[in-house]
Asks: 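This is the structure I want to talk about, given as structure tokens.
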Amino acid sequence: MPWANEELGRQFAEIADLLKLSGADRFRVRAYERARDAVNAARVDLGELDSDELSALEGIGGSTARKIVEFRLMGEIPMLTELRREVPSGLIALVQVPGLGPKTARQLHDQLAIDSLDALRTALDAGRVRDLPGLGVKTEENLRAGLARLDATATRRTPLADVIGVAEELLIRTRALPDVSEAALAGSVRRVRDTIGDLDLLVATQAPADVLRRIASDQLVRDVVALGDTKLTVLTLRDLQVDVRAVDPAAWGAALIYFTGSKAHNVRVRELALRRGATLSEYGLFARDGDALLAGGDEAGVYAHLGLTMIPPTLREDRGEVAAAAAGTLPDVVTTLRGDLHGHSDWSGDGRASIEEMAAAAAAAGLEYWAVTDHAEALAINGLTAEQFAQRRAVLAGLAEHVDVTLLDGAELNIGVDGELDYDDEVLARFDFCVASVHSALGRDAASQTARIITAMQHPSVHAIGHLTGRKLGLRPGFEVHFDEILEAALRTGTALEVNASPRRLDLSDDHVRRAVDAGVTLTISSDAHQPSELDNLRFGIATAQRGWARAADVLNCRDLDGLRDFVERKRAGTRSS
DNA sequence: GCCGTTTTCGGCCCGACTGTTTTCAGTCG
């Protein structure tokens, strides 16, 4: 059974959810949530560890280790099967409603026999909910609003690509408000996750109530969900939820940690604070005896007081970063690039700018080299013939003196269904750099996709594999591959794997990056820009690589031109690259 | 259910907002 972790994570999550609904002790629920997180974060196949090895993992004890073994032997966890039988299935639908939690769901079910969203609607319309103890007319209103939001699918995660624009616009507007001394995006946008649940905006001000009122009346805001003295929740025109928190400038650092999350990271850090005789909240790090403020103005200061090196936001996922920061072994993650190894000019059918314009943008972005990887001919509408590439080669040579970036003669090859490439070996050998990508037959199974990609990797002119799984966030999932086999082939053949920086792709994902880094596979971080403005996307690629703990040494386009050419030569010669 | 630089038992992150309550429970992040 390959890579059991994902399914195990789902099953532990379901156990936690069902336990919540059955009224279990909340610490027991949390134990299963931790087991879920531990399983998801694990970078070895848990299906291959024995019981002792399992319970040595943080968050996995004797009981959860036994369940992992049960899962391996029986394909299911008996406790989960039992819970599914015991907990009314309708309850799961009910707690999807924003503002409706397990306690209330249980009460609705037990006292009004509500076992579905439809039954909830009927009960609300009949005015029956308001008569339950602890509930009232206002609760009915809120539940109706929650049902409406559920219908609007506002509770789903949204691709970063779809929110980054409005997020940055809101930030600019907030910074321009009177009495705002500082403002920042926090939450998963700051951690640069590939999808976003809601937007978190932190504001430092001495006049919180005024600032929050002004934000609540912004034109981008459609609805105010909650407005307090320091906290505001609104829905934007596109049903995106925005949580705003106003804090005193003296607590900026502590508040930024709190609001950036992740939640699991915060819990971990706060537990550490407790063990060190302190307590951490958004208001600062305080000594438990005497309430003295130990730190709070800036993030690094808070971490330092806890014996931790500064943890970059992209690493705050409780995937071992707190322990690493305590040990001083946090990786020095990649922050800048020397070049871009995947981009298009208007020689490609879908390119939107000339080579000169793209080169100027690359130079302005501080890049030393830019590989012009226009599409190859198997991508019928967009691709160039070998003759066109020859013409382009002459153009590139003529431009070399006139642009402030080294142009590399590149191509984005298409990986055929059997791993074949667009041109013969002689044509392919003329390129400085080739990225090869799958653009067709996305529906094949994992074995087939893995095989065609590995075949392409074995070609001496294929230097990197572009957007490995073909996913387009919010539009289509990627196809499955056997990633361990891909990693093994990348190492064996000296081929790099691309982190495609388009926020629509971010492919490799952060999890894939982490496993690639563990395996010692070389990465590229590439914009796949089709117009000058898209070079700015490199920041998302860098962040995704950071989320996978990649250092500059792991990234091909952090090397200088000599280093890059050395990698290409080794591939050509069939010697494994370092 | 997990875990130990005080602990193998007794804790378990911390706080805001809302609604239905006269002091708090539920939900959320």
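Worth knowing before you read on, the calculation uses all heavy atoms, side chains too, and leaves out hydrogens, waters and symmetry mates.
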Asks: Side chain of Lys263(A) only, please: which of dG1(B), dG15(B), dC13(B) is the nearest?
Replies: dC13(B)
Asks: Given dT18(B), dG26(B), dC13(B), which nucleotide is nearest the side-chain atoms of Thr104(A)?
Replies: dG26(B)
Asks: Does either side chain, that of Asp507(A) or that of Asn500(A), offer a donor lying less than 3.5 Å from an acceptor on the other one?
Replies: no
Asks: Locate the shortest heavy-atom distance separating Ala207(A) from Asp179(A); write the atom from each residue and the value.
Replies: CB-OD2, 4.0 Å
Asks: Tell me the partner of dG29(B), counting only Watson-Crick (N1-N3 plus N6-O4 or O6-N4) or G-U wobble (N1-O2 and O6-N3) with both under 3.5 Å; none if nothing fits.
Replies: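 For dG29(B), the partner nucleotide comes out as dC14(B), under the 3.5 Å rule.
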Asks: What do you reckon, is CZ of Arg121(A) surrounded by more than 12 foreign heavy atoms closer than 6.0 Å?
Replies: yes
Asks: Select one nucleotide: of dT20(B), dG29(B), dC14(B), the one nearest the side-chain heavy atoms of Asp198(A).
Replies: dG29(B)
Asks: Would you say Gln241(A) places a side-chain N or O within less than 4.0 Å of OP1 or OP2 belonging to dG29(B)?
Replies: yes
Asks: Check the phosphate of dC14(B) against Thr279(A), side-chain N and O only, distance under 4.0 Å to OP1 or OP2. Yes or no?
Replies: yes
Asks: With C1' as the reference atom in both, quote the distance from dT7(B) to dC12(B) in angstrom, rounded to an integer.
Replies: 13 Å
Asks: When you match Leu274(A) and Pro102(A) each to their closest nucleotide on DNA chain B, which lands nearer the 5' end?
Replies: Leu274(A)
Asks: With the threshold set at 4.0 Å, does a side-chain nitrogen-carboxylate oxygen contact exist between Asp511(A) and Arg43(A)?
Replies: no
Asks: Look at Thr230(A) and dC17(B) and indicate whether a side-chain polar atom (N or O) is within less than 4.0 Å of OP1 or OP2.
Replies: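 Checking dC17(B) against Thr230(A), a side-chain N or O does come within under 4.0 Å of OP1 or OP2.
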Asks: Taking the C1' atom of each, how far is dC2(B) from dT8(B), in whole Å?
Replies: 12 Å
Asks: Within the pair Tyr258(A) and dC28(B), is there a side-chain N or O less than 4.0 Å away from OP1 or OP2?
Replies: no
Asks: Do the side-chain N or O atoms of Asn266(A) get closer than 4.0 angstrom to the phosphate oxygens (OP1, OP2) of dG29(B)?
Replies: no
Asks: Looking only at side-chain N and O atoms, does Thr233(A) come under 4.0 Å of OP1 or OP2 in dC28(B)?
Replies: no
Asks: Nearest to the side chain of Lys231(A), which nucleotide is it out of dC13(B), dA16(B), dG29(B)?
Replies: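 Per side-chain heavy atoms of Lys231(A), the pick is dA16(B).
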Asks: Among the candidates dT18(B), dG1(B), dT20(B), find the nucleotide nearest to the side-chain atoms of Ala226(A).
Replies: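 The nucleotide sitting nearest to the side chain is dT18(B).
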Asks: Could you check which of dG1(B), dT20(B), dC14(B) has an atom nearest any side-chain atom of Thr139(A)?
Replies: dT20(B)
Asks: Does dC13(B) have OP1 or OP2 sitting under 4.0 Å from an N or O in the side chain of Arg270(A)?
Replies: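 So the side chain of Arg270(A) is outside the cut-off, no N or O lying under 4.0 Å from OP1 or OP2 of dC13(B).
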Asks: Thinking salt bridges, do Arg551(A) and Asp332(A) make one under a 4.0 Å N-O criterion?
Replies: no
Asks: Can you check the distance between dT20(B) and dA25(B), where both ends of the measurement are the C1' atom (answer in whole Å)?
Replies: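 Roughly 9 Å separates the two C1' atoms.
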Asks: Nearest nucleotide by nearest heavy atom, which residue falls closer to the 5' end of DNA chain B, Ala278(A) or Asp243(A)?
Replies: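 Here Ala278(A) is the residue nearer the 5' end.
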